Every structure is written in structure tokens, then in C-alpha cells.
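Here the structure comes first, spelled out in C-alpha cells, and everything after it is commentary.
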Amino acid sequence: MSSEKQRNWKPQTTLVHGGSLRSGFGETSESIFLTQGYVYESAESAEARFKGETPGFIYSRYANPTVDMFEKRMCALEGAEDARATASGMAAVTAAILCGLKAGDHIVAARALFGSCRWVVETLAPKYGIEATLVDGTLIENWEKAVQPNTKLFFLESPTNPTLEVVDIAAVATLANSIGARLVVDNVFATPMQQKPLELGAHVVVYSATKHIDGQGRCLGGVILSDKKWIDENLHDYFRHTGPSLSPFNAWTLLKGLETLPLRVRQQTETAGKIADFLAEQPEVSRLIYPGRADHPQADIVKRQMSGGSTLICFDVKGGKKAAFAFENALRIVLISNNLGDAKSLITHPATTTHKNLTDEARAELGIDDGTLRLSVGLEDADDLLNDIGDALKAAR
Ligand SMILES: *Cc1c(COP(=O)(O)O)cnc(C)c1O
């Protein structure tokens with residue numbers, strides 16, 4: 001299939017067929033090439049492969065056919081020139097942030113970050129002489145004010161974890177371009193179906209494929225997507241020599257996940273919209289944040305850059321930690337877990353789990369209260385979920 005033809009496919013087609021690489025057996029489903037190495041017909045062909053004169057695989061730390069299919073399918077979906085798959089989302093974030101920087105460079109990042117992402121910019125990067133400034137990312141003025149002569153990278157998530165704040169990606173990209181810096185966007189919460197950071201001007205997009213891309217809670221994985229030149233210059237050697245490579249088995253799991261990604265995200269978003277509207281009306285709920293509602297604090301930006309309302313909901317129950325715990329413990333279908341993007345609906349109390357390492361002050365800045373809960377909506381029947389949540393709210397009174 002010519003790649004020219006593939007480029008015109010709609011996402012649903014791309015996610016079923018994009019990047020497929022059939023072996024001589026003509027298998028329908030993608031093969032798992034669970035191999036470390038590759039053999040050569042002759043000493044001469046090994047030499048030619050190593051010189052780069054003939055195409056082919058050398059070692060699975062460098063590249064592997066199943067991993068290659070996952071990377072190509074993600075490129076086709078995202079509209080990126082190139083990609084590198086990683087063993088986890090954090091391996092992707094760490095490489096995307098650090099590989100293009102050196103000692104003396106400066107990062108500006110939104111302060112509302114996934115906990116480990118915040119550790120990378122706030123704690124790891126400074127050890128190597130890369131300083132970071134964290135800002136309230138919802139106002140573009142804050143990004144502008146934080147810029148220094150040595151600012152080389154901007155980093156953000158949108159919507160953010162757990163309070164689903166939305167950052168204006170196009171505005172930050174314009175600022176990055178004006179000073180010759182690069183913008184890296186962690187697009188996990190929006191999913192590739194509802195937001196296209198590269199089209200909005202971002203230079204690099206990263207995913208924890210662990211979340212919606214697998215979508216069924218099975219394996220870890222990640223991916224970095226960007227232009228070929230940046231990946232060649234910044235990631236190619238790092239991947240070969242430090243080994244954050246994705247397992248072929250996990251790549252296969254993620255490939256199969258991509259086939260159903262549009263269906264799952266559409267269904268989960270539809271159910272999330274119903275649950276958000278229900279929660280907004282409940283007397284036990286003091287705050288509700290959902291990007292798909294007109295009362296979202298950045299509803300105008302949502303309209304510009306997202307094509308769906310998110311599969312996640314953030315809300316506060318009245319009565320603080322005691323009420324939040326009583327609510328969680330009363331749920332019968334929704335499971336208590338710190339994960340998200342699963343077929344199973346999952347509830348998280350950020351203050352005591354995912355965000356427990358932050359100071360009280362930092363939590364307050366992010367709008368995380370003792371009664372704040374994050375709900376990741378799964379694929380269960382919407383009415384069953386509404387009943388479960390309604391019953392649990394009564395129990396939490
Ligand atoms: C989960 C997550 C990560 C980390 O991904 P892992 O696959 O768990 O390493 C990074 N960013 C965001 C926004 C996430 O939700």
C-alpha cells in the first residue's frame with residue numbers, strides 16, 4: 001500500500017490498517033516478533049546492514065518489526081513524520097524533555113503536571129544543570145513572564161491531572177516559536193482522538209500508551225512523535241545506547257488497542273458527559289469540572305482545540321476526606337485505583353494518592369482539595385454507573 005494512499009485515510013481506517021507489516025505467511029492480524037536479534041545470510045550482508053547500505057533489523061533495542069508497526073500506526077494517526085516507542089509513558093516524557101537539552105538550558109512548564117512529570121522537570125533536570133520554572137499554565141502571560149534568554153523548552157499537559165485545567169496549546173506554541181524554543185505536549189488526557197497538538201503548533205507530542213491506547217489495563221508503553229530531523233538528531237542515539245525500548249509483546253497489545261481506540265473513546269466520552277451532567281445537579285457535590293460542559297473555566301479554549309469532552313471528570317464532594325473516602329468505599333462498580341483510561345471505571349482521591357507528595361501549598365495551587373475526586377469513565381453501561389455513583393453519594397452524606 002503506498003503511504004500516499006494511507007495519508008488520505010480517516011482515523012478509524014488508519015487505526016485498523018496503518019503501519020501493517022505482513023510476513024510471508026500472509027497473516028491477517030499483526031504478528032508478534034518476539035525476538036532479540038536477527039540473522040544474516042552472510043558475513044557480507046551483516047556488514048552491509050551495519051553500514052546502513054541495506055535496510056533491515058539489527059537488534060531489538062534499536063528496532064523491531066512489531067514495535068515498528070506500532071510507531072508507524074501512531075505516526076499515521078497523529079500526522080507525525082516519525083516516532084519512537086518506549087517501555088512506559090515516563091520513559092517517553094523523560095526522553096522528550098531531556099534529550100534536546102544540555103546543562104545551562106531552561107524549561108518553562110505548567111505546574112499542573114502528572115506527579116512523575118513534575119519530578120522530572122523539578123528534581124531530575126536541575127541535577128544536570130537544567131533549571132525549570134513552573135507556572136500557572138492557564139494564562140499565556142505567565143508563560144511569557146517566565147521566559148529567560150536560555151529558555152529552550154516548554155512542557156505542558158492539557159487537560160491537566162487531576163483538575164482538568166486546559167492550556168492554550170496554540171498560544172504557547174507561538175511563544176515557543178518566537179524565541180526558537182520547542183513545545184512538548186503530554187497529550188494523555190485528551191487522547192489522540194480529541195486533540196492534535198502537532199496541528200496546533202506543538203513540536204513534540206508524548207503519550208503514556210498505558211492509558212487509553214491500551215485501554216484495557218494490560219501493559220505499560222509510551223511513544224514520542226515529532227519531525228524526523230529532531231528525532232534523528234536528539235533521540236536516535238539515545239534510544240540505541242540507553243535502551244528505553246518497548247517490548248514487542250506490549251507493542252502488539254497496544255496495536256490491537258489502537259484498532260478500537262475511536263470506539264472506546266467515543267463511548268467513554270458520551271458516558272462521561274452524562275455522569276458530569278448528573279454530578280453537577282447533586283447537592284453533595286460542591287464543584288464539578290468537565291471539559292465537555294459550557295461551565296468549564298476555559299470553555300472557549302476547549303472549543304478551539306478539543307473535539308470531545310474528555311473521558312475524565314473531576315469533582316469535589318462536601319465533607320472533605322471523610323466524605324470522599326465514604327463515597328469511594330460505597331461504590332460497587334467503579335473501582336478504587338490511581339490508573340485511568342481503562343475499560344473499567346476508576347476513582348482516585350488525588351490528595352492521598354497521586355498527589356500526596358506535593359506540599360499542602362502546592363496542592364492548594366492546583367485546586368486539589370481534601371474532597372476532590374477524579375473519575376476515569378469506563379465502558380460499563382451508563383445507567384449502571386449513574387446508579388452506582390448516585391447510591392454512593394447518598395452513602396457519603
Ligand atoms: C500515566 C501518565 C504518565 C506516565 O505514564 P506511565 O505509562 O505510567 O509511565 C505521564 N503523563 C500522564 C499525563 C499520565 O497520565
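Just so you know, ligand 1 is whichever comes first in the structure, and atom 1 is the first atom listed for that ligand. These numbers come from a predicted model, not from an experiment.
Of the N and O atoms on the side chains of Asn177 and His203, at least one donor lies less than 3.5 Å from an acceptor on the other residue. A donor atom on one side chain and an acceptor atom on the other are found under 3.5 Å apart for Ser31 and Glu27.
Shortest contact from atom 4 (C) of ligand 1 to any protein heavy atom: Phe114 CE2, 3.5 Å. Nearest non-hydrogen protein atom to atom 14 (C) of ligand 1 is Lys211 NZ, 3.0 Å.
Of all atoms in ligand 1, numbered sequentially from 1 with element shown, those under 4.0 Å from a heavy atom of Gly89 are 5 (O), 6 (P), 7 (O), 9 (O). Atoms of ligand 1 found under 4.0 Å from any heavy atom of Glu157 (numbered from 1 in listed order, with element): 13 (C). In the vicinity of Ser88, heavy-atom distances shorter than 4.0 Å reach the ligand 1 atoms 7 (O), 9 (O).
Between Thr311 and the options His212, Gln194, Gln268, a side-chain hydrogen bond (donor to acceptor under 3.5 Å, both in side chains) holds for only His212. Among Arg73, Lys72, Arg22, the one residue that satisfies the salt bridge (Lys or Arg N to Asp or Glu O under 4.0 Å) test with Glu30 is Arg73.
Of the polar atoms of Met90, at least one N or O is found under 3.5 Å from an N or O of ligand 1, judged by distance alone. Some N or O of Thr210 is nearer than 3.5 Å to an N or O of ligand 1, by distance alone.
A heavy-atom separation below 4.0 Å is found between Asp186 and ligand 1. Ligand 1 lies less than 4.0 angstrom from a heavy atom belonging to Cys117.
Although no hydrogens or angles enter the test, the distance criterion places no donor-acceptor pair under 3.5 Å between the side chain of Thr160 and the main chain of Glu157. A donor-acceptor pair under 3.5 Å is formed between the side chain of Ser307 and the backbone N or O of Met193.
A salt bridge between Lys196 and Glu78 is absent, with no side-chain N of the basic residue lying under 4.0 Å from a carboxylate O of the acidic one.
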